[in-house]
Protein chains: 2
Amino acid sequence: MGKREINRDEKRQLIVTTARHLMQVRDVSDFSMRTLAEVAGVSSATPYALFGSKQAVIAAVMDIDFADFMAALTAEPNQGFDVFFSLVDITAELFEKNPSYYRTGAQAIQATSDQTLSSHFSLPRHGLLKDLVSEAIERGEICDQINPDSLALNLGHQFYGWIQAWAKDTVNLPDMVARSKYGLGLGLAAVATPASRAQLLEQVLAIQATLPEAGALKSRLTPNRKQEAVS
Amino acid sequence: MGKREINRDEKRQLIVTTARHLMQVRDVSDFSMRTLAEVAGVSSATPYALFGSKQAVIAAVMDIDFADFMAALTAEPNQGFDVFFSLVDITAELFEKNPSYYRTGAQAIQATSDQTLSSHFSLPRHGLLKDLVSEAIERGEICDQINPDSLALNLGHQFYGWIQAWAKDTVNLPDMVARSKYGLGLGLAAVATPASRAQLLEQVLAIQATLPEAGALKSRLTPNRKQEAVS
DNA sequence: AACAAAACTAAAACGTGTTTTAGTTAGATC
DNA sequence: GATCTAACTAAAACACGTTTTAGTTTTGTT
């Protein structure tokens, strides 16, 4: 690697580090490319030259965390279906530590229309889920007629959706956790082998008891505000 | 209603009609507030005075369709769990007739951070699903320990997610249908009474057989394009 | 008819993400 | 060491959603 590439990578690093810092400290709306360039002491054209878009910068920033995430997950002892619930818990713990950071990230990922970018995120996470499902099948907890790929995609899809809802402030963090677990629990209970199904369903019902009414998804929803009949 | 309100409503109608037309005819990216105002022969400040935001305009436009949707749905004979699948089919048929229109709409809904707006959409749809679940419980197809509200929210959440994925062009329409049915089928199978569960699971497995690999979610995903190692 | 209030217009302005242009710097190559 | 070239800069520009300002109709009220 010549000095050219080294400088290039250093500048990349500088931008990513600065972006990460800004995402953590400032409000979501304050993170503009102009301020990023300014704080990083770099022309506002440079991030575009090096990354291509704002979302790509954020993607690069959030890539750093996936390693931590995997570490945290594999550190937990995985028994039965609880692995899936742990996945949700660990994610929520991360989110709690750095809400504005992850909010910015999640929103950026979903705002992008770039296939490469979003799959850059979804694919490794999908791979993880797929492995977990496969292992559950091997343990005889999930019926072996199930395609791990399809089930994992469905579970990931649900979870991802609730993450987005949290990022958009439609649900708070505890509800996001509960609703995700409820969804994952249902999906798994549908295909669980008879031996493990009963216990899982009980867990799901326990979660259900904690769920708020959908109409009151966000309690600060003000019903009579500018309702302006439209049709 | 005085002439003031009448004029106001007429102008509203004019803007909504024009917006609807533009969303159908033009490309998604071509639908800007400036062109809307221009085509409607109206100042670009007017839509903001009357609706508040671009998303609110689009919301008003799409409100028209919900009635059609309900009509199409209730026209079908509803037997067993097929109601839920019909829901997906009918939606897909609408989408197929006017892709760019619904794409614009779906994207606008999800881009908004306005609680009032998004719940203006989600709530009636949620109510519909909730009714369907309640009826299924009454028919003895779904275990009565299940809270219709929670289950309906979960089913709607999944479906909504796949609609968004279609709007973002992450899945094509047939896959969106299949993945939605797969998700709904799983969620329902988890809580189905023993009598109806077996048949439903068979349907789900049949759908599973049609699902593409997740890695190949979109066949035109070009793997080697600007992959630029990030970490 | 006179006045007040609301509705609307035209145009400019702001802050975005992003691209473009033209010029400069620094590494690689001969 | 001279030269080529990729990387970078600074600054302007574009299109967008949105807001603001100031002026003009249109409507309802006295």
Side-chain angles (χ1 to χ4, degrees), chain A residues 1-16 18-19 22-23 26-61 104-105 107-114 116-117 226 228, chain B residues 1-16 18-19 22-23 26-61 104-105 107-114 116-117 226 228:
Chain A
M1 188 160 69
K3 204 155 195 181
R4 240 197 183 91
E5 281 85 11
I6 293 180
N7 283 356
R8 191 182 152 95
D9 278 17
E10 275 174 357
K11 198 142 270 186
R12 277 188 103 105
Q13 201 97 24
L14 170 67
I15 291 173
V16 169
T18 312
L22 283 181
M23 284 168 67
R26 310 265 266 250
D27 202 53
V28 176
S29 51
D30 272 3
F31 178 65
S32 77
M33 291 302 266
R34 281 180 176 85
T35 60
L36 167 60
E38 191 188 346
V39 174
V42 129
S43 164
S44 48
T46 307
Y48 286 98
L50 292 179
F51 295 90
S53 70
K54 181 182 190 179
Q55 284 132 14
V57 172
I58 298 179
V61 169
T104 316
Q107 283 175 8
I109 298 309
Q110 89 121 37
T112 189
S113 56
D114 187 336
T116 332
L117 255 188
K226 205 170 77 172
E228 307 200 303
Chain B
M1 185 160 67
K3 202 156 195 181
R4 240 196 185 94
E5 282 83 12
I6 294 182
N7 282 358
R8 191 183 150 95
D9 278 18
E10 275 173 359
K11 199 140 269 186
R12 276 187 104 103
Q13 201 98 24
L14 170 66
I15 290 173
V16 169
T18 312
L22 283 181
M23 284 167 69
R26 309 265 265 250
D27 201 53
V28 175
S29 51
D30 273 2
F31 178 66
S32 78
M33 292 301 267
R34 282 180 175 86
T35 62
L36 167 61
E38 191 187 345
V39 175
V42 130
S43 163
S44 48
T46 307
Y48 286 98
L50 292 178
F51 294 90
S53 69
K54 181 181 190 179
Q55 283 135 14
V57 172
I58 298 179
V61 169
T104 316
Q107 285 174 9
I109 298 312
Q110 90 120 38
T112 189
S113 55
D114 187 337
T116 332
L117 254 188
K226 205 169 81 172
E228 308 200 305

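Computed from heavy atoms alone, side chains included, the values below leave out hydrogens, waters and symmetry copies. By convention in this document, chain letters (A, B, ...) are assigned in the order of the sequence lines, proteins followed by strands, and residues within each chain are numbered from 1.
When the P atom of D:dA7 is taken as reference, atom CZ of A:R12 falls 11 Å away, rounded to whole Å. In this structure, the CG atom of A:D9 is 15 Å from the C1' atom of D:dC8, given to the nearest Å. Between A:E38 atom CD and C:dT16 atom P there is a gap of 11 Å when expressed in whole angstrom units. The CG atom of B:L36 sits 12 Å away from the P atom of D:dC16 (whole-angstrom rounding). Nucleotide C:dT16 holds its P atom 16 Å from the CD atom of A:Q55, rounded to whole Å. In this structure, A:M33 atom CE and C:dT16 atom P are separated by 12 Å, rounded to whole Å. Protein atom CG of A:L14 is 17 Å distant from nucleotide atom P of D:dA7, rounded to whole Å. What separates CD1 of A:I6 from P of C:dA26 is a distance of 16 Å, to the nearest Å.
Among B:D9, B:I15, B:V57, the one residue that satisfies the side chain to side chain contact (heavy atoms under 4.5 Å, CB included) test with B:L50 is B:I15.
Each of D:dC16, C:dT18, D:dA11 was ranked by its minimum atom distance to the side chain of A:A45; first place goes to D:dA11. Among the nucleotides C:dC8, C:dT18, D:dT19, the one closest to the side chain of B:L50 is C:dC8.
If you check distances only, the side chain of B:R8 never reaches the base of D:dT26 with a donor-acceptor pair under 3.5 Å. Within 3.5 Å, a donor on the side chain of A:R34 pairs with an acceptor on the base of C:dG17, or the reverse.
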Trace of the side-chain contact (heavy atoms from CB on, under 4.5 Å) decision for A:N7 with A:E10: CA-CA 5 Å; A:N7 283 356; A:E10 275 174 357; 3.8 Å; yes

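Along DNA chain D, the nucleotide nearest A:K11 and the nucleotide nearest B:S44 are compared for position; the residue whose nucleotide lies closer to the 5' end is A:K11. Nearer to the 5' terminus of DNA chain C, by closest-nucleotide assignment, is the contact made by B:S43 (compared with the other of A:Y48 and B:S43).
Under the rule for a side-chain hydrogen bond (donor to acceptor under 3.5 Å, both in side chains), B:S43 has no partner lying at least two apart in sequence or in another chain.
Within the model, atoms CE of B:M33 and OG of B:S44 stand 8.5 Å from one another, a figure rounded to the nearest 0.5 Å.
Formation of a donor-acceptor pair under 3.5 Å by the B:T18 side chain with backbone atoms of B:L14 is found in this model.
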